[in-house]
Amino acid sequence: MMLRLLHTSDVHLGATFHVLGERGLEQRRQVRETFARVIALALEERVDAVLIAGDLFDSPTAGRAEVAFAAEHLGRLGAAGIPTCVVGGNHDPMSGPGASLWRELGARAAHLTVFGPAPEARAFPERDLVVVGRSVVSGPSPESPLAGLPVDRRARYLVAVAHGTVERPDVPARAGQITAAAIAASGVDYLALGDWHSAREVSSGGVTAWYSGAPEMIDLDEPESGTVCLVTLRAPGEVEVARRQVGRRRVVRVTVDVATAGGAEAVARGLRAHAAPDVALVVTLRGLVGLRDRVDVERLREDLAPECFRLEIRDESHLRPGAVDASQYPDGTVIGRFVRQMQAAIASREGEAREVAEEALAYGVALLEGREVLS
Ligand SMILES: [Mn+2]
């Protein structure tokens, strides 16, 4: 018998999205819509089980307002006879107010398996499936979420659900992280992970393991969110994973070298190609520019913002030394005085001292104009 699972995590129901400014409330509603879409997909695909690997709720407090909604939609899985297993993550841990949130959800959605703080195995004999899981208790734990594995295989298929970080070379290792060796030794057919909001495969040894990533855009630096994993277990150890789009909003990050972009109009044109109503566009402007190529960031913002869900422009470009024309800055202003004094200083210097003064002029003008510059 073949089994199909839907794996999601990090839904973050109730998140407030301060990072999105005035669009935060819309995205909070979108997270609900996307969660409903995840449930609908599980029903359409008639999967054999749904796994939710932590951070279903953004926090225990936020969860209070979301628990009825979550229970209603999870209840649709129950009505269709689809077993659903969930663990608490670091945002909705199984302790204090989180524990009472999970108790309430469990009471409202009776078919739900909510794993406790200790590793547990739950058997679904009609699927020939055992699911092992444990919730995060609170904060960072020195113990790996995979502690307790492997367990004896008492069914054809064995899968695990956990929330935590896998060791990676670009992040300092700490106690409690999941190692590649622990994944390989876990003895499961599939490991459903949560915590990272970008989907990523972390399979090791013969064990297929994935972070499903958040189903909807949660933050601006998580490019691979917006999907769930549809997992097909053809035989023990023979597993296929397909990502399916469920999210609506996505982040597009663009870096523009203003010095070579061909002027402000060309910069605007190039960025407009990335703009769309469901895109959070994060733009970084770089480069050393002359006055004529400078981009008026406020104007660019006014032009592009209506075409995006959210627009963020980080101006890290700065003036090329020698690019400052004193006639642009009236003598009676602070910036005009600064430009004239610096130009006099430049004229009286040679070599490295002159370069330093030129750079000081460029940075100073940028700062006096209220721009952020690279240091
Ligand atoms: Mn999360």
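Below, each value reflects all heavy atoms present in this structure, side chains not excepted, and no hydrogens, waters or symmetry copies. Order of appearance sets the numbers: ligands from 1, and atoms from 1 within every ligand.
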The atom of Asp10 among N, O or S that is nearest the Mn ion (ligand 1) is OD1
In Asp55, the N, O or S atom nearest to the Mn ion (ligand 1) is which?
OD2
Side chains of Thr8 and Ser212, donor plus acceptor under 3.5 Å
no
What's the spacing between His111 NE2 and Ile82 CD1 if we round to 0.5 Å?
8.0 Å
Look at the side chain of Tyr329 and the backbone N and O of Val334, then say whether any donor-acceptor pair between them is shorter than 3.5 Å.
no
Using the ring of each side chain (for Trp, its six-membered ring), is Tyr211 parallel, tilted or perpendicular to Trp196, with breaks at 30° and 60°?
parallel
The NE2(His12)-the Mn ion (ligand 1)-NE2(His197) angle, to 10°, is 80°
